[in-house]
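What follows is a set of notes on a single structure, which appears directly below.
When a ligand or atom number is given, it counts from 1 through the structure's own listing order. Computation of the quantities below employed the complete heavy-atom set of this structure, encompassing side-chain atoms and omitting hydrogens, waters and symmetry-equivalent molecules. Count residues from 1 along the sequence.
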Amino acid sequence: MNYSKLSIIDLPDNTFKGKKVFLRVDFNVPVKDGKVIDDIRIRKTIPTITYLLDRDGKLIVASHLGRPKGSRDPKYSLRPVAEKLSELLKSRVNFVDDCVGEKVEKAVRDLKEGELLLLENLRFYEEEEKNDPEFSRKLASMCDIYVNDAFATAHRAHASTYGIAQHIELRLAGILMKKEIDALTKVRENPEHPFVVLLGGAKVKDKVGLIEYLLPKADAFLIGGGMAYTFLYAMDKKIGKSLLEEDLVDKVKEYISTEKIILPEDHVIADKVSAGANYRADREIPDDMIGVDIGPITIQRYASLIPDSGTLFWNGPLGVIEVDEFSKGSTEICRAIAYKTKHGLFSVIGGGDTLTILEKAKLDEDEFSHVSSGGGATLEYLAGIDLPGIKILNDKG
Ligand code: AMP
């Protein structure tokens, strides 16, 4: 695959003037009482939106929100997003309460240069997730240019991430998409050494693809989180009532045999996985206790193994970060990564809990080389899979 995809910034400014541009974004944001309560995903797409509006495009913006399962559910309407977007852009945002059909076609016809129209939730139609050809064709008939800035859904071949683009000649990466592809391709194909992968989270299962793809390329894997206990179990260590995926023990033994796997030496152990638990740090895990975080010795060791230069990729919390007392491993290691990034480390961090960790560690996104907006998409990309939403975009050159 050509990893260099054509993006909106590669083309002359007049490319977009007066053109109807369909922009697929990830506005899958939490909404409560009709208000967006976390706008980070919207803010991440603002550079692409203003870039296209400043160049006089007629912008048709589309997203999914939640899982309405193919029917119109007001709970998942994008109307509150239109309000938030208008606040962030400090300009009017037109909203139409559908994403295909006559009403939408009229709203598109009425769009003027430099104006934006936000469509209603794509997943109000089951055709979206089914990548239905007719639905894809209808979406495509509205526009001249296709832009995808929704990296987090690029691993799904849906009508708005794949089908639509088959009908459009100019299929471009937005600015956020370009950043994701550039950073993750560097990690995946061309990492500077030493290259260290730090993995946590609940399950080994979700990360098997990534481990197998990156194991030959990386110098070391530091393992934490719930997934560490399957590795420790495979080495005949006592893990008490910690998480265990028995069906993966043999596989994990193969990984350990590469001698690239580094495991926790001590743990925070607790009698339950919730606030108010009795807990302490220990090297051993008694039968009735659960490993809920990496311990202080492991924090020091892992921090010292984060290279001063080279490449680091991190996905998954090193402990149960939902509980403050069990979040120290993740926050301390996160601080160590930020510190090394200042001194030349190329650091890419990602996963669903990343923002919670940053918040708890009081760190900003710009203290890392790249903070990936993808969960499953990032893991699949780093497992060497060519994601359909990226594959369909035009190659550069
Ligand atoms: P993932 O989605 O695979 O990245 O997993 C994230 C989840 O892993 C978070 O909800 C954490 O609470 C959980 N987690 C991390 N460490 C542990 C642990 N030692 N035991 C149980 N759950 C954990």
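Note that CG of Leu85 is 5.0 Å distant from CD1 of Ile49, once rounded to the nearest 0.5 Å. With rounding to the nearest 0.5 angstrom, the NZ atom of Lys20 is 10.0 Å from the CE atom of Met142. Atom CG in Asn121 sits 9.0 Å away from atom CG in Asp73 (nearest 0.5 Å).
Neither the backbone nor the side chain of Met227 comes within contact range of ligand 1; no heavy atom lies under 4.0 Å. Counting heavy atoms closer than 4.0 Å to ligand 1, residue Val273 contributes nothing at all. Within the 4.0 Å heavy-atom criterion, the part of Leu243 lying near ligand 1 is the side chain and not the backbone. The proximity of Lys207 to ligand 1, defined as any non-hydrogen pair under 4.0 Å, is limited to the side chain.
Closest protein heavy atom to atom 6 (C) of ligand 1: Asp353 OD2, 3.3 Å. The protein heavy atom nearest to atom 17 (C) of ligand 1 is Gly226 N, 3.2 Å. Nearest non-hydrogen protein atom to atom 12 (O) of ligand 1 is Glu322 OE1, 2.6 Å.
Contact annotation for atom 1 (P) of ligand 1: protein present (non-hydrogen atoms, distance under 4.0 Å).
The other members of the hydrophobic cluster of Ile333, by chain and number, are Ile40, Val196, Leu198, Leu222, Ile262, Ile294, Ile299, Tyr302, Leu305, Ile306, Leu312, Trp314, Leu318, Ile321, Ile337, Leu345, Ile349, Leu355, Ile357, Leu358, Leu363, Phe368, Val371 (side-chain heavy atoms under 4.5 Å, ILVMFWY only).
Ligand 1 has Pro317 within reach: a non-hydrogen atom of the residue lies less than 4.0 Å from it. Under a 4.0 Å heavy-atom criterion, Tyr229 is in contact with ligand 1.
Both tests hold for Arg55 against Tyr51: distance to the six-membered ring centre under 6.0 Å, angle to the ring axis within 45°.
Within a 6.0 Å sphere centred on NZ of Lys217, other residues, nucleotides and ligands contribute more than 12 heavy atoms.
Residue Gly201 has at least one heavy-atom neighbour below 4.0 Å for each of these atoms of ligand 1: 1 (P), 3 (O), 4 (O), 5 (O), 6 (C), 8 (O). Against a heavy-atom cut-off of under 4.0 Å, Gly291 is close to the following atoms of ligand 1: 18 (C), 19 (N), 20 (N). Using a 4.0 Å cut-off to heavy atoms of Val292, the atoms of ligand 1 that qualify are 19 (N). Short contacts between ligand 1 and Val320, defined as distances under 4.0 Å to a heavy atom of the residue, involve ligand atoms 12 (O), 15 (C), 16 (N), 17 (C), 18 (C), 20 (N), 21 (C), 22 (N), 23 (C). Close approach of ligand 1 to Gly319 (heavy-atom distance below 4.0 Å) involves ligand atoms 11 (C), 14 (N), 15 (C), 16 (N).
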Could you tabulate the donor-acceptor pairs under 3.5 Å formed by side-chain atoms of residues 155-162, not counting sequence neighbours?
unit_1	atom_1	unit_2	atom_2	d
His155	ND1	Ala152	O	3.4
Ser160	OG	Arg24	NE	2.6
Ser160	OG	Glu128	OE1	3.4
Ser160	OG	Glu128	OE2	2.6
Thr161	OG1	Arg156	O	2.6
Thr161	OG1	His158	N	2.9
Thr161	OG1	His158	O	3.4

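Of the candidates Ala202, Gly200, Gly224, Pro264, Ala202 brings a heavy atom nearest to atom 3 (O) of ligand 1.
Between Asp386 and Lys391 the shortest side-chain heavy-atom distance falls below 4.5 Å. Contact annotation: the side chain of Tyr279 approaches that of Glu325 to within less than 4.5 Å [non-hydrogen atoms, C-beta and beyond].
Applying side chain to side chain contact (heavy atoms under 4.5 Å, CB included) to Leu23 and the options Leu172, Ile145, Val147 leaves one that passes, Val147.
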